[in-house]
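Just so you know, ligand 1 is whichever comes first in the structure, and atom 1 is the first atom listed for that ligand. We're numbering straight along the sequence, starting at 1.
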Amino acid sequence: MRCPFCRHADSRVVDSREVDEGQAIRRRRSCSACGRRFTTSETMVLAVVKRSGVTEQFSRDKVVRGVRRACQGRPVDDDALQQLAQRVEESIRSTGVAEIPSHEVGLAILGPLRELDEVAYLRFASVYRSFSSVEDFEKEISDLRKAVGKPAAPQDGGESAGGE
Ligand SMILES: [Zn+2]
């Protein structure tokens, strides 16, 4: 690991410790030329296996890009998207696998996205699960209502109690 101060190519490890519940190792290094110290972090590479069989490194940015499209016009800011991507990565890493099929990344996105924004969730799910009919949406919406504990109240005419 090259020294970030003097660019010397050699350094020695003076301290290592596990962080993020053992999912990463942080090392304190000392440059053998200038003696300055810096920290490096080592994490397991999480590989995503695409349908074609090609693997690529898991990328939070890709998750953000995929979800951002579904969030157009919704009150979801970049911070929220970053947090969502972090939750997705943590949930995948917590399963302890080194490789994950790309469609399972989509699955891991669904839960946190549903908590973040229901409309964005429906958009994402419709593409991801290839909704092909109104019934697919109806079923998803009714599942969504059950999951969040909202009564399936009619959208219009429901506010008329006490009126007229
Ligand atoms: Zn140095």
Side-chain angles (χ1 to χ4, degrees), residues 1-131 137 140-141 143-144 147-150:
M1 186 67 68
R2 202 169 275 276
C3 171
F5 302 105
C6 74
R7 316 302 299 162
H8 185 69
D10 191 38
S11 62
R12 79 192 160 82
V13 175
V14 293
D15 182 47
S16 304
R17 71 167 100 169
E18 288 196 350
V19 292
D20 294 341
E21 293 168 354
Q23 292 184 34
I25 292 176
R26 199 155 288 168
R27 298 189 200 283
R28 198 80 182 124
R29 291 171 182 270
S30 169
C31 173
S32 45
C34 72
R36 291 169 93 168
R37 293 189 171 193
F38 56 98
T39 303
T40 58
S41 172
E42 193 176 289
T43 52
M44 180 186 69
V45 171
L46 181 59
V48 175
V49 186
K50 306 212 283 193
R51 219 169 297 181
S52 60
V54 175
T55 63
E56 61 179 28
Q57 194 173 335
F58 175 87
S59 154
R60 284 189 200 179
D61 286 345
K62 272 203 161 169
V63 171
V64 168
R65 280 201 297 276
V67 174
R68 184 180 280 136
R69 231 172 297 151
C71 291
Q72 266 172 23
R74 301 297 303 162
V76 175
D77 62 17
D78 265 8
D79 276 357
L81 289 177
Q82 291 294 343
Q83 275 176 25
L84 179 137
Q86 187 179 339
R87 284 183 62 190
V88 169
E89 178 171 359
E90 282 168 0
S91 77
I92 294 171
R93 284 188 182 277
S94 70
T95 62
V97 297
E99 288 190 345
I100 182 171
S102 54
H103 72 268
E104 287 186 25
V105 176
L107 272 181
I109 289 171
L110 288 173
L113 183 56
R114 192 167 70 183
E115 286 172 29
L116 186 62
D117 188 278
E118 291 173 4
V119 172
Y121 164 78
L122 281 172
R123 287 178 183 157
F124 188 85
S126 72
V127 175
Y128 172 69
R129 292 190 176 147
S130 319
F131 285 7
F137 277 95
E140 195 62 45
I141 288 168
D143 288 351
L144 190 60
V148 297
K150 279 184 198 163

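Atoms OG and CZ, on S59 and R65 in that order, are 6.0 Å from each other to the nearest 0.5 Å. Atom OG1 of residue T39 and atom CE of residue M1 lie 11.0 Å apart, to the nearest 0.5 angstrom.
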task: Kindly determine whether E56 and V54 satisfy side-chain contact (heavy atoms from CB on, under 4.5 Å), including the steps that lead there.
output: CA-CA 7 Å; E56 61 179 28; V54 175; 5.5 Å; no
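Counting only residues at least two apart or in different chains, salt bridge (charged side-chain N to carboxylate O under 4.0 Å, His left out) contacts with residues 82-96 comprise R60-E89, R87-E115, E89-R93.
Around the Zn ion (ligand 1), the protein N, O or S atoms found under 2.8 Å comprise C3 SG, C6 SG, C31 SG, C34 SG.
Within the 3.5 Å criterion, the main-chain N or O of H103 finds a donor-acceptor partner in the side chain of Y128.
Side chain to side chain, R27 and S16 meet the donor-acceptor criterion of an N or O pair below 3.5 Å.
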